[in-house]
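Here is the structure we will look at.
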Amino acid sequence: MNKKIGNIFKGDKVIWMVFFFLCMISIIEVYSASSSLTYKSGNYMKPVIRHIGFIIFGIFTMICMLKVKCKYFKIATPFMLAISLIMLIWVLIAGQATNGASRWVNFIGFQFQPSEFAKGAVILAVAQILSAMQTENGADKRALKYIIVASSIFILLIGLENLSTAMLLCLTIFFMMIIGRIPKAQLGKLLGLAIASGAIVIATVMLVGKDKNQSTGDNTLTENIKKEEKEPGSIEKLFHRADTWKSRIDKFLNHKDVAPEDVDLDKDAQVAHANIAIASSNIVGKGPGNSVERDFLSQAFSDFIYAIIIEEMGITGAVFVVFLYIILLYRVGSIANRCENNFPAFLAMGLAILLVTQALFNMLVAVGLAPVTGQPLPLISRGGTSTVINCLYVGIILSISRSAKKKDECNTEANTSKLATA
């Protein structure tokens with residue numbers, strides 16, 4: 001029986017344990033934080049049962065990925081890029097809008113988020129380029145050009161509806177290029193170009209966007225906004241998310257200490273209630289299921305679940321969650337070091353960096369150190385597409401850990417045989 005279970009749950013045992021702990025935390029906290037969904041559905045078990053269903057399906061995809069050899073990921077790369085491109089164009093044309101952003105599409109009754117799939121496809125492409133262009137002195141100088149050509153269109157399409165996801169993907173690719181030994185001079189120029197491009201994007205957002213939360217002495221601004229919303233021009237259509245981005249940037253940059261009695265809970269509900277959740281944890285936490293702010297945070301089960309974790313589990317629980325992601329990154333780094341081939345090493349590191357940077361950004365948002373975005377906490381936040389796709393990413397990492405382990409064992413056996421012969 002134990003042997004059969006071992007055959008199913010193959011791969012690195014430490015990563016399996018990290019995944020198990022993240023899933024347990026996810027189920028407990030999603031069950032606790034889904035009070036608003038419970039109220040709407042009238043069934044307090046429905047949200048968590050749905051979430052558990054996605055986790056189970058995600059585990060199924062992990063086990064399927066475990067059985068796929070790494071060479072097939074290479075073969076699948078062009079097909080995944082083509083499918084991702086079609087889906088990203090599809091979501092821009094006919095996507096379902098939530099909170100002003102068209103990020104979801106329906107297919108045969110299933111709703112999914114194409115950007116989650118596209119991120120993995122881009123990382124596959126970057127890993128393949130880096131591995132193919134390696135020389136004794138590092139990556140070939142042409143590798144940077146190929147990476148930019150392969151990824152830029154996907155980053156642009158993702159960024160039109162989800163700027164934070166596009167920025168995190170850019171950051172992941174940059175870290176992959178550092179690991180892939182792209183020449184430092186090229187990385188320096190790219191970083192300078194990225195800073196300049198970021199400044200241009202922010203300037204454009206601040207010029208085109210309109211902060212609807214700003215109050216004025218008369219109603220002129222409000223009337224102009226309503227008029228432009230009714231008759232959007234070409235620029236407004238292209239930057240239709242600019243208003244939201246500008247509002248978030250203004251809130252973050254104009255942040256100042258406000259007395260508790262002066263906080264506007266209607267205007268800054270998410271940030272205010274996240275701060276209340278953290279402050280009311282009293283270091284040790286209120287205990288699982290005892291959150292109060294879950295009833296006031298609109299995204300308590302998703303974007304701000306880390307604030308609920310702190311409220312219920314205290315500082316110890318918050319640090320434990322951070323520790324799990326650190327272990328995941330460290331363990332994947334160890335697996336990458338054992339890989340004889342470059343492609344699986346770059347792919348594993350790219351996926352791990354993607355998960356950990358997203359987790360870090362979500363935590364920074366929850367504690368008020370970054371602007372509010374729509375980034376869920378990987379493998380913990382409630383979600384459909386994100387949960388399954390993140391499980392798929394972990395499955396690919398586990399598949400790589402299997403092949404790396406086998407090669408490591410083969411090398412050890414070969415060296416032992418050579419020593420015995422000598």
Side-chain angles (χ1 to χ4, degrees), residues 21-37 51 99 101 162-165 167-168 171 244-245 247-258 260 263-265 267-326 328-329 354-383 386-387 390:
F21 279 118
L22 288 173
C23 286
M24 290 300 100
I25 294 170
S26 176
I27 293 170
I28 293 169
E29 293 303 324
V30 167
Y31 177 68
S32 175
S34 298
S35 59
S36 61
L37 296 176
H51 182 61
N99 295 328
N162 198 337
L163 184 60
S164 59
T165 297
M167 291 176 66
L168 287 175
L171 187 62
T244 302
W245 297 336
S247 298
R248 290 172 175 175
I249 293 170
D250 282 340
K251 282 183 181 180
F252 184 71
L253 294 179
N254 297 331
H255 177 74
K256 59 183 178 180
D257 293 332
V258 181
V263 173
D264 188 345
L265 292 180
K267 182 179 178 181
D268 301 313
Q270 285 186 312
V271 175
H273 286 294
N275 290 338
I276 293 171
I278 294 169
S280 62
S281 66
N282 293 323
I283 300 177
V284 295
K286 298 177 180 177
N290 293 322
S291 170
V292 174
E293 297 308 312
R294 65 189 175 192
D295 297 327
F296 304 98
L297 269 169
S298 61
Q299 295 295 323
F301 50 83
S302 181
D303 301 354
F304 285 89
I305 197 167
Y306 190 64
I308 304 301
I309 290 173
I310 297 174
E311 183 185 10
E312 295 189 348
M313 303 294 189
I315 299 300
T316 303
V319 172
F320 181 67
V321 171
V322 174
F323 189 58
L324 288 174
Y325 288 109
I326 292 173
L328 176 64
L329 184 61
L354 178 67
L355 292 172
V356 174
T357 52
Q358 182 176 328
L360 177 62
F361 196 76
N362 175 278
M363 295 173 191
L364 291 175
V365 169
V367 299
L369 296 178
V372 176
T373 63
Q375 293 299 321
L377 189 58
L379 301 172
I380 292 183
S381 291
R382 178 183 178 275
S386 60
T387 298
N390 287 334

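Worth saying up front: this structure is predicted, and the values here are computed from it rather than measured.
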Tell me every residue that passes side chain to side chain donor-acceptor pair (under 3.5 Å) with [X], counting only those two or more places apart in sequence or in another chain.
X    : result
Q375 : S164, T165
S280 : K286
S32  : R294, E312
S26  : H51

Residues in salt bridge (charged side-chain N to carboxylate O under 4.0 Å, His left out) contact with E29, at least two apart in sequence or another chain: none
Does M363, at its CE atom, have more than 12 non-hydrogen atoms belonging to other residues, nucleotides or ligands within less than 6.0 Å? yes
Any side-chain heavy atom of R382 within less than 4.5 Å of one from I305? no
Please list all pairs passing the salt bridge (charged side-chain N to carboxylate O under 4.0 Å, His left out) test where one or both residues lie in [range], with sequence neighbours left out.
range            : result
residues 270-279 : none
residues 313-324 : none
residues 355-372 : none

Pairs flagged by side-chain hydrogen bond (donor to acceptor under 3.5 Å, both in side chains) wherever residues 301-310 is involved - sequence neighbours left out: none
Where [X] and [Y] come nearest, the two heavy atoms and their spacing:
X    : Y    : answer
S34  : F301 : OG-CB, 3.8 Å
S291 : I308 : OG-CD1, 3.7 Å
I380 : V30  : O-CG2, 3.5 Å
I25  : V321 : CD1-CG2, 4.0 Å

Side chain to side chain contact (heavy atoms under 4.5 Å, CB included) partners for I326, two or more places apart: V322
For I28, enumerate each residue passing the side chain to side chain contact (heavy atoms under 4.5 Å, CB included) test, keeping only those at least two apart in sequence or located in another chain. P288, M313
Only counting residues at least two apart or in another chain, list the ones meeting ring-ring contact (aromatic ring centres under 6.0 Å, His included) with F21. F320
